[in-house]
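Please read these numbers as outputs of a predicted model, since none were measured by experiment. Here, residue 1 is the first one in the sequence, and each next residue gets the next number.
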Amino acid sequence: MFQAGRKILRCDLHNHRCKNGGNWVEIANTDVDLRRPDHSRRSLLRRIPVRLCPAALIALSLLSSVAASAQTTPAKQIEGLKASLAASAAALRSYEWIETTTASVKGEVRGSTQTRNYYGADGKLQKVPVSAPAAEKAKRGLRGKIIANKKAEIEEYLKAAKALMANYVPPSPEKIQAAVAAGNVNVGVSSANAPVPITIKNYQKAGDQLVLTVDGSYTQLKNVSVSSYLDTPDDKITLTIKMAQLPDGTGYVATSMLDAPAKDVSIQIANSGHRKAN
């Protein structure tokens with residue numbers, strides 16, 4: 001029911017009729033169904049008798065917009081995004097590129113490596129070392145042993161952190177669908193093609209959160225932010241991912257940055273130099 005001044009309009013969209021004053025007015029051509037996406041509110045308004053007042057038409061227009069929005073679900077909104085991610089993942093298999101990984105502890109760079117990445121005949125991602133950090137001269141005695149143990153501990157932590165990153169980069173269409181089915185997805189509202197956030201809870205672990213920032217059409221992934229943890233929820237990590245596109249439209253992870261405050265550790269991975277694999 002809508003009120004405009006002293007005019008009262010009641011609309012029964014299921015039975016295709018509106019009441020303006022004391023009488024119900026049937027809407028012609030009752031094949032119009034607002035629940036169907038191919039039936040626009042304009043097509044319905046053309047069938048309303050002209051004796052309905054302008055305020056009534058405005059009210060009915062608003063009502064039809066609400067009805068259309070009610071039929072939009074997260075599953076429908078992210079169909080395009082899932083298709084785009086799957087297409088980019090398939091297209092990326094024909095490329096090779098350079099991956100540069102830099103690890104820092106307490107703000108100090110502890111190592112940087114480069115690998116040549118490509119997909120093998122078995123469909124698995126191959127990483128061939130291009131460069132490795134220079135070997136450090138081992139220190140002797142008790143001090144040397146303590147340093148070696150601490151280094152091994154940090155290296156093990158970095159290895160676990162990188163393994164965790166792989167579960168989020170790039171986002172998986174299958175995991176997104178599983179989150180939708182579990183009711184763990186909240187899709188933001190698009191406005192004039194402004195970036196839209198898609199929040200996913202319990203994506204990889206219980207209690208984690210993945211936020212995908214997409215364009216207004218819900219098809220192009222722009223950025224990703226992750227809040228997760230390693231072994232326990234107290235060992236929190238944050239992950240920031242920036243996406244980019246190749247000239248043919250293939251989306252890829254340009255950079256990803258992991259921060260682990262508990263150990264004061266950070267890992268940055270950059271992908272560049274994409275070209276068609278031989």
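Inspection of the D235 and Y157 side chains reveals an N or O donor paired with an N or O acceptor under 3.5 Å. S228 and Y168 form a side-chain donor-acceptor contact under 3.5 Å, judged by distance and modelled atom types alone. With 3.5 Å as the limit, one finds no donor-acceptor pair spanning the side chains of T232 and D234. Side-chain contact check for K276 and S94: at least one donor-acceptor pair (N or O, by modelled atom type) lies under 3.5 Å.
At least one side-chain heavy atom of N167 sits under 4.5 Å from a side-chain heavy atom of K175. In this structure, the side chains of S266 and L258 stay at 4.5 Å or more apart for every pair of heavy atoms. Contact annotation: the side chain of T101 approaches that of K162 to within less than 4.5 Å [non-hydrogen atoms, C-beta and beyond]. Side-chain contact between Q220 and M243: absent, with no pair of heavy atoms (C-beta onward) separated by less than 4.5 Å. Looking only at side-chain heavy atoms (C-beta outward), L164 and K205 come within less than 4.5 Å of each other. Counting heavy atoms from C-beta outward, Q209 and I200 have side chains that stay 4.5 Å or more apart. Using a 4.5 Å heavy-atom threshold, the side chains of Q126 and Y119 count as separate. Using a 4.5 Å heavy-atom cutoff, the side chains of P129 and T113 are not in contact.
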Yes or no on salt bridge (charged side-chain N to carboxylate O under 4.0 Å, His left out) for K76 and E79, after CA distance, side-chain angles and deciding distance? CA-CA 5 Å; K76 291 181 180 179; E79 280 301 319; over 6 Å; no
Do E99 and Q114 pass the side-chain contact (heavy atoms from CB on, under 4.5 Å) test, and can you show the C-alpha distance, the side-chain angles, and the key distance before you say yes or no? CA-CA 6 Å; E99 177 184 284; Q114 283 190 325; over 6 Å; no
As a quick check of understanding, evaluate side-chain contact (heavy atoms from CB on, under 4.5 Å) for M165 and S256, giving each step before the final call. CA-CA 9 Å; M165 290 177 74; S256 52; 3.5 Å; yes
Walk me through whether Y218 and V196 qualify under side-chain contact (heavy atoms from CB on, under 4.5 Å). CA-CA 7 Å; Y218 299 100; V196 180; 3.6 Å; yes
Pair I198, N186 - check side-chain contact (heavy atoms from CB on, under 4.5 Å), show working. CA-CA 6 Å; I198 299 177; N186 180 53; over 6 Å; no
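Here D208 contributes atom CG and L239 contributes atom CG; the two are 11.0 Å apart, rounded to the nearest 0.5 Å. With rounding to the nearest 0.5 Å, the separation of OG1 in T100 from CD1 in I269 is 10.0 Å. Within the model, atoms CZ of R116 and CD of E96 stand 4.5 Å from one another, a figure rounded to the nearest 0.5 Å. Between K263 atom NZ and I237 atom CD1 the span is 15.0 Å, to the nearest 0.5 Å. Rounding to the nearest 0.5 angstrom, the gap separating the CD1 atom in I241 from the OG1 atom in T255 is 9.0 Å. Separation of atoms CD1 (I267) and CE (M257) is listed at 10.0 Å; rounding is to 0.5 Å.
Taken together through direct or relayed side-chain contacts under 4.5 Å among Ile, Leu, Val, Met, Phe, Trp and Tyr, Y229 and V224 form parts of separate hydrophobic clusters. The cluster map of Ile, Leu, Val, Met, Phe, Trp and Tyr, joined by side-chain heavy atoms under 4.5 Å apart, puts V211 and V226 in different clusters. When the side chains of ILVMFWY residues are joined at heavy-atom separations under 4.5 Å, either directly or via intervening members, L246 and L125 end up in a single hydrophobic cluster. By the criterion of side-chain heavy atoms lying less than 4.5 angstrom apart, applied directly or through intervening Ile, Leu, Val, Met, Phe, Trp or Tyr residues, V105 is grouped together with L230 in one hydrophobic cluster. In the hydrophobic cluster analysis, where Ile, Leu, Val, Met, Phe, Trp and Tyr join through side-chain heavy atoms closer than 4.5 angstrom, L92 is grouped apart from V253.
Panel note: side chain R93, backbone G123; a donor-acceptor pair is recorded below 3.5 Å. A donor-acceptor pair is defined here as one N or O able to donate and one able to accept, closer than 3.5 Å; no such pair exists between the side chain of T115 and the backbone of N117. Side chain of N184 to backbone of N202: no donor-acceptor contact under 3.5 angstrom is found. Using modelled atom types, one side-chain atom of S88 and one backbone atom of S84 make a donor-acceptor pair closer than 3.5 Å. Not a single donor-acceptor pair under 3.5 Å links the side chain of D259 to the backbone N or O of T238.
In terms of heavy atoms, P173 sits closest to A86 at CG-N, 4.0 Å. Closest of all the heavy-atom pairs between K222 and D215 is CE-CB, 4.1 Å.
Within 6.0 Å of atom CG in D231, 12 or fewer heavy atoms from other residues, nucleotides or ligands are found, so the atom counts as exposed in its surroundings. The environment of NZ in K236 is sparse: at most 12 heavy-atom neighbours from other residues, nucleotides or ligands sit within 6.0 Å.
Aromatic ring orientation, H274 versus Y95: perpendicular (interplanar angle above 60°, classes split at 30° and 60°).
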